[in-house]
Asks: 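Structure in structure tokens, see below.
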Number of protein chains: 2
Amino acid sequence: MPTPTPAGLPETLRASGYRRTPQRQMVLDAVEELGQGTPEEISERIHQTSPGVNITTVYRTLELLEQLGLVRHRHFGHGAPMYHASDYDTLHSVCHRCGQVAVIPGKLLEPVARWLADERGFVLDTGHIALAGLCTKCAAEPPPD
Amino acid sequence: MPTPTPAGLPETLRASGYRRTPQRQMVLDAVEELGQGTPEEISERIHQTSPGVNITTVYRTLELLEQLGLVRHRHFGHGAPMYHASDYDTLHSVCHRCGQVAVIPGKLLEPVARWLADERGFVLDTGHIALAGLCTKCAAEPPPD
DNA sequence: TTCCATGCAAAAACTTTGCACATCG
DNA sequence: CGATGTGCAAAGTTTTTGCATGGAA
């Protein structure tokens, strides 16, 4: 099973010349515990145990952790980016009427990735943006007259 | 060939009980002339000839035109949504390092769309989001140490 | 002790809302 | 004339920046 704490933040920080701080650990922990979340959600999670941590720090830390490769973010269309641990790199669909999100097999995009690589030299990042459309329920509903 | 002005704004407005106004025509024209643009860009375009049009009106009008099916918007990941005429409904790739955007064949997603429809009842909206990744140049560059 | 990191406050970017006046039909 | 649409101003969100204090090494 994947180790929840992959034995790495302090070392990774050290290796790149950054300092180890409680806040940085808390942000990473929060991301891993939540699975994924917006900066706001991550901040709230941290506030449950450490109300003193400023959301500015959350933003700055997420940026740092992303640069270090420990977290990544993705977009569901509208609104705030979702941060998640690097190993939680999944393809999603999102309904743009009701917002419903579902996990779908990343393999579906393999042919697309291959085409982009071969024809364009473009390296597809499967999990970065969710595929948008309408879920069953919303597709069935009459157009919003 | 696609008529640039599909003979429609006044009629479409009328049909739905809305009024025809110069601003509404200007917003639609600007979107068509630009191909696509953020609300800000659309507003600037209009200001070149009609400085008096308020950006609030642009936002409200884009929402209306989208509801009427005359324009649509899509997301490139970060930042503001891009509005475009409904007929300019194309699949794009976007590099998340440098922001480069390229048009790619929508057909590439047909198998994906079919799978989503069959397995999930999900109606994929090909043009609504871009596929993210790294362009050739950025993929070649060393990681930002 | 020496910088790096954080908290706080203010600003910036983007979008929405409320209201009075203007305009379409 | 009556209802809808617009401009203006203000407020709401979300994210970024500047700076002095605090903490890691």
Side-chain angles (χ1 to χ4, degrees), chain A residues 9-31 36-47 49-68 70-71 73-83 96 99, chain B residues 9-31 36-47 49-68 70-71 73-83 96 99:
Chain A
L9 181 55
E11 294 73 21
T12 308
L13 287 171
R14 186 83 59 88
S16 300
Y18 295 105
R19 294 181 181 169
R20 180 175 182 272
T21 71
Q23 289 89 338
R24 286 172 177 173
Q25 189 66 60
M26 284 189 274
V27 170
L28 181 55
D29 290 348
V31 170
Q36 60 178 342
T38 62
E40 194 86 25
E41 289 165 346
I42 292 163
S43 177
E44 276 168 22
R45 170 83 181 198
I46 293 172
H47 281 188
T49 55
S50 306
V53 178
N54 196 284
I55 194 166
T56 300
T57 301
V58 174
Y59 277 104
R60 284 191 285 226
T61 303
L62 286 170
E63 189 183 351
L64 175 64
L65 294 178
E66 183 150 42
Q67 184 189 319
L68 294 175
L70 296 173
V71 306
H73 75 270
R74 89 180 119 232
H75 300 274
F76 287 123
H78 54 61
M82 288 295 250
Y83 285 85
H96 46 258
Chain B
L9 181 56
E11 293 73 22
T12 308
L13 287 170
R14 185 84 59 91
S16 299
Y18 295 103
R19 293 183 181 167
R20 180 172 183 275
T21 70
Q23 290 90 337
R24 288 173 176 172
Q25 189 67 59
M26 283 190 271
V27 170
L28 181 56
D29 290 347
V31 169
Q36 60 178 344
T38 62
E40 194 86 25
E41 289 164 346
I42 292 163
S43 177
E44 276 167 23
R45 170 83 182 201
I46 292 172
H47 281 189
T49 55
S50 307
V53 177
N54 196 283
I55 193 167
T56 299
T57 301
V58 174
Y59 277 103
R60 285 191 283 226
T61 303
L62 286 170
E63 189 184 350
L64 175 65
L65 294 179
E66 183 150 42
Q67 182 190 318
L68 294 176
L70 297 174
V71 306
H73 75 271
R74 86 180 121 233
H75 300 275
F76 287 123
H78 54 61
M82 289 295 251
Y83 284 84
H96 45 257

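Numbered from 1 within each chain, the chains take letters A, B, ... in sequence-line order. Because the structure is predicted, anything quoted here is derived from the model rather than measured.
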Asks: Write down the distance between CZ (Arg20(B)) and C1' (dA3(D)), rounded to a whole number of angstrom.
Replies: 19 Å
Asks: Kindly say if Gln23(A) contacts the phosphate of dG7(C), meaning a side-chain N or O under 4.0 Å from OP1 or OP2.
Replies: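 So the side chain of Gln23(A) is within the cut-off, an N or O lying under 4.0 Å from OP1 or OP2 of dG7(C).
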Asks: Can you tell which of dA3(D), dT6(C), dT15(C) lies closest to the side chain of Arg60(A)?
Replies: dT6(C)
Asks: Whole-Å distance between dA13(C) P and Glu44(B) CD?
Replies: 13 Å
Asks: So which one's nearest nucleotide on DNA chain D is more toward 5', Gly17(B) or Thr56(B)?
Replies: Gly17(B)
Asks: Using only side-chain N and O atoms of Arg24(B), determine if any of them is under 4.0 Å from OP1 or OP2 of dC24(C).
Replies: no
Asks: Can you measure Gln25(B) atom CD to dT6(D) atom P for me and round it to whole angstrom units?
Replies: 12 Å
Asks: Measure from the side-chain heavy atoms of Glu40(B) and tell me the nearest of dT2(C), dT6(D), dC14(C).
Replies: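 Out of dT2(C), dT6(D), dC14(C), the nucleotide with an atom closest to Glu40(B)'s side chain is dC14(C).
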Asks: Check the phosphate of dG5(D) against Thr21(B), side-chain N and O only, distance under 4.0 Å to OP1 or OP2. Yes or no?
Replies: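 For Thr21(B), the contact criterion (side-chain N or O under 4.0 Å from OP1 or OP2 of dG5(D)) is not met.
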Asks: Using whole Å, report how far CG of Leu13(B) lies from P of dT23(C).
Replies: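 It works out to 18 Å between those atoms.
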Asks: Would you kindly give the CG-to-C1' distance between Leu68(A) and dA5(C), to the nearest whole Å?
Replies: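 Going from Leu68(A) (CG) to dA5(C) (C1'), I get 14 Å.
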Asks: Grab the two heavy atoms, one from Pro39(A) and one from Pro81(A), that are nearest each other, plus how far apart they are.
Replies: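 It is CD-O, 3.6 Å.
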Asks: May I have the distance from Leu64(A) (atom CG) to dC4(C) (atom P), rounded to whole angstrom?
Replies: 13 Å
Asks: Specify the residue among Tyr59(B) and Pro22(A) whose closest nucleotide of DNA chain C lies further upstream toward the 5′ end.
Replies: Pro22(A)
Asks: Counting only side-chain nitrogens and oxygens, does Thr57(B) get under 4.0 Å of the OP1 or OP2 atom of dT6(D)?
Replies: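 Indeed not, no polar side-chain atom of Thr57(B) lies that close.
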Asks: Give me the one residue out of Val58(B), Leu62(B), Thr38(B) that meets side-chain contact (heavy atoms from CB on, under 4.5 Å) with Tyr83(B).
Replies: Leu62(B)
Asks: Quick check on DNA chain C: between Arg19(B) and Glu63(B), whose nearest nucleotide comes earlier from the 5' end?
Replies: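 It is Glu63(B) whose nearest nucleotide is closer to the 5' end.
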Asks: Counting the atoms with a prime plus P, OP1 and OP2 as sugar-phosphate, which does Gly52(A) contact under 4.0 Å by heavy atoms, base, sugar-phosphate, or nothing?
Replies: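 Touches sugar-phosphate only.
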